[in-house]
Amino acid sequence: MSEPPPSAAPLLARLLDLLADDAPAEELGAVASEARAAGVPPAGLAEVERAAATALRIRGALRQHRRRELQLTALFDTAGDLAASRDLDDVLKAIVRRARMLLGTDTAYLTLPDEEAGDTYMRVTDGSVSVLFQRLRLELGEGLGGLVAQTASPYATPDYRTDDRFRHTRNINAGVLDEGLVAILGVPLLLGSSRGGTGKVIGVLFAADRAARVFSPDEVALLCSLAAHAAIAIDTARALDDTRTALAELAGANAELAEANAAVRAHSAAMRRAEEAHDRLTDLVLRGGDVKDVAVSVAGLLDSPLTIHDPGGRPLAAVRPDGTGFAADSMDAGWLAGTAEESRHGARAVHRDGRWICAVLAGQELLASLVLHRPDRLDDSDRRLFERAAVVTGLLLLLRRTVAETENRIRGELISDLLGDPERDPAGLAERGRRLGIDLDRPHLVLVAEASARERLGGAAMRYLFGGDIHGVSAEHAGTVVLLIDTDGTPAGSAARAAAAQLGHLVQEPVTVAGTGPARGARELAAAYAEAARCLRAMRVLGREGEGAGVGELGFLGVVLGNAKDVDGFVTSVLGPLLRYDERRGTHLVRTLRAYFGAGGSLIRAKDELHVHVNTVVQRLDRIQVLLGRDWNEPDRALELQLALRLHLLSGGRDD
């Protein structure tokens, strides 16, 4: 009697063990080879191969999540170190060391301007091996650092030697070549505002590798966040040095000692209050606080109501000085965007219409706006506190978005599996959804979106879900982006139009969205996706790119056109003689035919719709018969004509 074929179950269990032990990808991939070598039947072998592929995706997502956590932990540690440091040299060393740690680069360094010499010098390096590079001095405007300082914006180059966007000099090239640097990222340390209205650059922070490398937007944003903390810490250290210098000078000025001591005490008290506020806000970050916690702290410290708004003007938090919340109205998005842009360019809070506004940034991206409802002026210490709150808020929002994006990617794999094969294991899909916080048994709207910039659309969908009050999940599937969103009674067509408008704004090009639902359960959701995908194809055929529509709004034409290819050709072949006659003679035969069919063949109702005499309708129908043939009103031909008239109208054609 022959032995039964080997089972796939032990190999699936082995995959789970390897995944739990964080085994290398090679070991996970080898399980499928073991199954083939062991003679596992084809069905079991396919299951093992699918499980191995899923395990590899989960391992990649978990490793990326751990890498994000390590980066953000290092950033939090940096905030604590900078808050505790009062010596300028210690502050600068901590900045450069953490910059190298955050980005995992070969070296990091910081340059500061020498106002007496009129140039810039290398103040601190970490990971540098070249004495020539460590002693490098740069004239203003030279090299990548000069470009960063002049524009007050971050710049990155994958290959410094071949990049012609900035001015190369023999001195700088020699230092970079001696150090062996290739890829360099530089971000400005901004503080205050200059007479020109832009932020004052007090230094440039660099991270560099000795091999070609493309710095990602997330890495640029993280280094910019560190630079914002660094600028504040440098300013604090310098202010303390100024205070100590002032105390030493005042000690020898007996005539003005009493008045000077009072000024110093007031200045020291303001500095202590600012330091305590900064430590308090930093503690919020380290304890995992949220945006509302920042609003409560700042509203209490500044004794004024505070609201935080997203880039579209919608409120994220609204707090009174006593810590109680209140219902805040959305702000005019245009006014808020203009004011936030002024704050971003000036790197300072601005006062407009009885309110103080400070932009919350991650690099050059506007994440939110802090609005302090206070008509009177803020002194320098309170203004600085308000601006520090914007830095901390940006860090919290960046962390929250990073976590949300990671979770969305893991949930997106569930959606891809659901749409790919909902019949394979509906109960298992529902259980996976519950573990990931997605209740597939609740009603959801299904939106399917597409754009020519496919690589940017996926990220825009995640920002769309993260940035508003929309609860859902997104996934890339079959060349489109699919969104499952909780229904709040909004019709699918309205949700699709709102998503098309917002996603188009985020992607900066037209985005087409088709919607259907609500649907629940794996089978219904998969069927709803197929229906929305057909609707999307119909919209493409009708030339409605860049719009949003629901399946029900297209009716039976959505089904008819789901796989069609030439609507214009069909309309021309059926209605061509009438369209050409109307165009040449300025008549209204197409409109008359539509009114006649719409009136059910009644001449009386048709003439009322057209506001003409019944004889005019008869004459026009006679002309239509001459142009189309005597059988134009036969059932089959009439159906074809009505379909062509409907397509002509939906595709934007005019008949009047």
Side-chain angles (χ1 to χ4, degrees), residues 64 67 71 95-114 117-190 198-199 201-227 230 361-365 452-456 459 508-509:
Q64 183 181 18
R67 181 176 64 83
Q71 288 180 335
I95 293 167
V96 175
R97 183 176 62 254
R98 294 293 188 181
R100 185 183 177 196
M101 181 188 302
L102 277 173
L103 272 70
T105 53
D106 295 328
T107 184
Y109 49 100
L110 185 146
T111 60
L112 294 178
D114 187 336
D119 61 3
T120 302
Y121 68 102
M122 196 76 66
R123 176 62 188 270
V124 180
T125 64
D126 189 76
S128 172
V129 296
S130 167
V131 176
L132 176 63
F133 183 76
Q134 294 166 12
R135 295 176 179 175
L136 196 61
R137 298 187 74 92
L138 302 81
E139 296 295 328
L140 298 178
E142 291 180 348
L144 177 65
L147 183 62
V148 173
Q150 284 182 334
T151 62
S153 301
Y155 276 90
T157 176
D159 190 343
Y160 179 90
R161 292 163 296 183
T162 61
D163 200 328
D164 58 1
R165 291 178 298 167
F166 42 83
R167 182 155 58 96
H168 290 262
T169 67
R170 181 180 302 175
N171 183 33
I172 300 175
N173 288 346
V176 171
L177 180 64
D178 195 55
E179 187 63 48
L181 300 183
V182 177
I184 304 176
L185 166 63
V187 300
L189 274 63
L190 291 169
T198 58
V201 179
I202 63 171
V204 179
L205 179 61
F206 298 86
D209 263 338
R210 296 187 176 92
R213 168 180 178 175
V214 176
F215 291 95
S216 68
D218 284 345
E219 291 174 325
V220 176
L222 283 170
L223 197 60
C224 286
S225 296
L226 176 60
L361 304 170
Q364 295 299 306
E365 180 185 358
S452 59
R454 186 181 303 172
E455 69 284 354
R456 297 202 305 269
Q508 293 298 304
E509 69 171 50

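Only this structure's heavy atoms are used, side chains among them; waters, hydrogens and symmetry mates stay out.
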Exercise for review: Look at atom CZ of Arg135 and say whether more than 12 heavy atoms of other residues, nucleotides or ligands are closer to it than 6.0 Å.
Suggested key: no

Grab the two heavy atoms, one from [X] and one from [Y], that are nearest each other, plus how far apart they are.
X      : Y      : value
Pro158 : Val182 : O-CG1, 3.6 Å
Gly145 : Val204 : O-CG2, 4.0 Å
Ala227 : Pro188 : CB-O, 3.7 Å
Met122 : Tyr109 : SD-CD1, 3.3 Å
Gly186 : Leu144 : N-CD2, 4.3 Å
Ala208 : Ile184 : CB-CG1, 3.9 Å

Review point. What pairs meet the side-chain hydrogen bond (donor to acceptor under 3.5 Å, both in side chains) rule with one or both residues in residues 139-156, with sequence neighbours excluded?
Key: none

Check your understanding: Given Phe215 and Leu103, is the side-chain contact (heavy atoms from CB on, under 4.5 Å) satisfied, shown in steps?
Key -> CA-CA 9 Å; Phe215 291 95; Leu103 272 70; 4.0 Å; yes

Exercise for review: Report the residues that fulfil side-chain contact (heavy atoms from CB on, under 4.5 Å) with Arg100, sequence neighbours left out, ordered by chain and then residue number.
Suggested key: Thr105, Ala108, Asp126

Nearest 0.5 Å, what's the [atom1]-[atom2] distance between [X] and [Y]?
X      : Y      : atom1 : atom2 : result
Thr125 : Leu136 : OG1   : CG    : 11.0 Å
Leu147 : Arg165 : CG    : CZ    : 7.0 Å
Gln134 : Asp178 : CD    : CG    : 10.0 Å
Leu177 : Ser130 : CG    : OG    : 9.5 Å
Met101 : Leu226 : CE    : CG    : 11.0 Å

Review point. Which residue pairs pass the ring pair (Phe, Tyr, Trp, His ring centres under 6.0 Å) test when at least one of the two sits in residues 162-190, sequence neighbours left out?
Key: Tyr160-Phe166, Tyr160-His168, Phe166-His168

Practice item. Please step through side-chain contact (heavy atoms from CB on, under 4.5 Å) for the pair Arg210 and Leu181, ending with a clear verdict. Key: CA-CA 4 Å; Arg210 296 187 176 92; Leu181 300 183; 4.1 Å; yes

Review point. Step by step, would you call Val129 with Glu179 a side-chain contact (heavy atoms from CB on, under 4.5 Å)?
Key: CA-CA 7 Å; Val129 296; Glu179 187 63 48; 3.5 Å; yes

Treating [X] as the side-chain partner and [Y] as the backbone partner, does any N or O pair qualify as donor plus acceptor under 3.5 Å?
X      : Y      : value
Asn171 : Arg137 : yes
Asp119 : Leu138 : no
Asp209 : Ala211 : no

Point to revise | pair Leu189-Leu110: side-chain heavy atoms closer than 4.5 Å | key: yes

Check your understanding: Does Val201 reach the side chain of Leu190, with side-chain heavy atoms less than 4.5 Å apart?
Key -> yes

Exercise for review: Could you walk me through whether Ser452 and Glu509 pass side chain to side chain donor-acceptor pair (under 3.5 Å), step by step?
Suggested key: CA-CA 8 Å; Ser452 59; Glu509 69 171 50; 2.4 Å; yes

